[in-house]
Amino acid sequence: MAVTINHIHKHFGKQHVLADVCFSIHDGEVIGLLGPNGAGKSTLMKIMVGLWHADSGEVDVPKKHGYLPEQNPLYEEMYVREYLMFMARIGGIEKGKEDATADELIARVGLTEEKHKKIGQLSKGYRQRVGLAQALIGDPELLILDEPTTGLDPNQLEDIRALIRQEGKNRTVILSTHILQEVSEMCSRVIILDHGHIRADLPMSEISDLAQLFHDSTTH
């Protein structure tokens, strides 16, 4: 198993944000984590990568994982290549190989023309590419992406989707989104979260109408 989530609970004050969440993910699966705003998707992802602690339950994820949060935290005054070299250094890449790692990732995510620009000068789409490159440092077994296409124009959106599809051939991916088309195009399985509960967990091959399933799972 690439990921095992056992009986996760999380409260913020009196709000029960995650309620007995359980699922397992096999190596190489591309999972669409669907749910309306406030469903608990981002909270679950932050617990999975160790940023937050669950109140109870167990999380087992690969040590080598990459994470792209919804609010992509980038150092806007740094140049693209400089930033990725810096992140490679603190990400455990062997000393002396930071520049080669940065160059390989820049080519991989389509940032060659932008690598000498400051991150603050980049469009939202190119910033997402920088964030995705950072998440891929160290060749993670698991890639966790929280709303990676929010706010992108149609061309940028398709470019990022293509990058995610490509990376999904080489590793396990968990993709949080509220865009049903994104899940249909990229994912092998969908998990629907609503009010902290898993309402559905099915392979895409068994879903004839994702929109109807989403509606039925999130309307109470």
Side-chain angles (χ1 to χ4, degrees), residues 2-3 25 27-33 42 45-46 48-51 61-177 179 182 185-188:
V3 174
I25 299 172
D27 291 331
E29 283 194 286
V30 180
I31 304 295
L33 184 60
S42 293
M45 288 184 151
K46 287 175 181 175
M48 290 176 69
V49 299
L51 291 176
V61 301
K63 289 183 179 180
K64 288 179 68 175
H65 58 257
Y67 174 51
L68 177 62
E70 183 178 6
Q71 302 298 326
N72 188 359
L74 299 170
Y75 296 114
E76 295 194 352
E77 290 304 309
M78 294 184 80
Y79 296 94
V80 171
R81 188 172 184 271
E82 174 192 23
Y83 170 75
L84 290 174
M85 288 175 64
F86 170 70
M87 294 305 292
R89 196 172 303 124
I90 65 174
I93 296 299
E94 187 179 335
K95 190 173 181 180
K97 294 186 176 180
E98 305 98 325
D99 53 350
T101 296
D103 288 338
E104 189 270 328
L105 289 168
I106 283 166
R108 196 147 127 205
V109 303
L111 281 168
T112 302
E113 298 295 318
E114 317 296 322
K115 66 181 180 181
H116 296 306
K117 291 183 180 178
K118 286 189 175 181
I119 292 172
Q121 297 175 310
L122 301 179
S123 68
K124 176 76 184 290
Y126 279 120
R127 289 184 190 209
Q128 287 298 82
R129 292 181 193 228
V130 175
L132 188 56
Q134 179 271 322
L136 289 168
I137 288 171
D139 195 24
E141 300 168 45
L142 171 66
L143 191 60
I144 298 176
L145 308 173
D146 192 357
E147 303 279 1
T149 61
T150 298
L152 302 184
D153 68 34
N155 289 335
Q156 294 171 336
L157 188 132
E158 186 46 50
D159 287 346
I160 294 298
R161 284 179 182 171
L163 283 170
I164 295 168
R165 276 194 292 268
Q166 182 61 38
E167 292 305 324
K169 296 176 182 177
N170 305 312
R171 67 197 82 247
T172 306
V173 178
I174 302 175
L175 168 74
S176 163
T177 183
I179 303 171
E182 211 150 75
E185 288 186 5
M186 291 191 288
C187 300
S188 55

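Everything numeric here is computed off the predicted structure, so don't read it as measured data. Numbers here simply count residues along the sequence, with the first being 1.
Minimum interatomic distance between Ser176 and Asp146 (heavy atoms only, all atoms of both residues): OG-OD1, 3.2 Å. Scanning all heavy atoms of the two residues, the minimum distance from Asn72 to Gln128 falls at ND2-OE1, 3.1 Å. Pairing each heavy atom of Arg161 with each of Ile179, the nearest pair is NH2-CG2, 3.8 Å. For the pair Pro140 and Arg171, the tightest heavy-atom approach, listed with the atom from each and the gap, is O-NH1, 2.6 Å. Of all the heavy atoms in Leu84 and Ala102, the pair that sits closest is CB-CB, 3.9 Å. Here the closest non-hydrogen pair linking Ala135 and Leu68 is CB-N, 4.3 Å.
Using a distance-only test at 3.5 Å, with no hydrogens or angles considered, a donor-acceptor pair links the side chain of Glu98 to the main chain of Gly96. For the pair Arg165 (side chain) and Met186 (backbone), a donor-acceptor distance under 3.5 Å is absent. Checked by atom type and distance alone, the side chain of Thr172 pairs as donor or acceptor with a backbone atom of Gly28 at under 3.5 Å. In this structure a side-chain-to-backbone donor-acceptor pair under 3.5 Å is present from Lys64 to Gly138.
Residues Glu147 and Thr177 are in side-chain contact: their nearest non-hydrogen atoms beyond the backbone lie under 4.5 Å apart. Side-chain contact between Val61 and Val49 is absent, with no heavy atoms from C-beta onward closer than 4.5 Å. Within the 4.5 Å cutoff, side-chain heavy atoms of Leu142 are placed close to those of Ile174. Taking 4.5 Å as the limit, every side-chain heavy atom of Pro148 sits out of range of all side-chain heavy atoms of Leu132.
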### Message
Is there a side-chain contact (heavy atoms from CB on, under 4.5 Å) between Glu167 and Arg108? Walk through the geometry before answering.
### Response
CA-CA 10 Å; Glu167 292 305 324; Arg108 196 147 127 205; 3.0 Å; yes
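Within the model, atoms CG of Leu74 and CD1 of Ile119 stand 5.0 Å from one another, a figure rounded to the nearest 0.5 Å. A distance of 11.5 Å separates CD1 in Ile106 from CD in Glu113, rounded to the nearest 0.5 Å. Between the CD atom of Gln121 and the CZ atom of Arg127 there is a distance of 10.0 Å, given to the nearest 0.5 Å. The SG atom of Cys187 sits 10.5 Å away from atom CD of Glu29, with the distance rounded to the nearest 0.5 Å. Atom CD1 of Ile93 and atom CG of Asp139 lie 9.0 Å apart (nearest 0.5 Å). Note that the CE atom of Met85 and the CE atom of Met78 stand 9.5 Å from one another [nearest 0.5 Å].
Screening Met48, Lys46, Gln134 for a side-chain contact (heavy atoms from CB on, under 4.5 Å) involving Tyr67 leaves a single residue, Lys46.
Taking 4.0 Å as the cut-off between side-chain N and carboxylate O, Lys118 and Glu77 count as a salt-bridged pair. Looking at Asp103 and Arg81, a side-chain N of the basic residue comes within less than 4.0 Å of a carboxylate O on the acidic one, giving a salt bridge. Salt bridge Lys124/Asp153: absent, no basic N to carboxylate O contact under 4.0 Å.
Residue Lys97 qualifies as open at atom NZ: its count of foreign heavy atoms under 6.0 Å is 12 or below.
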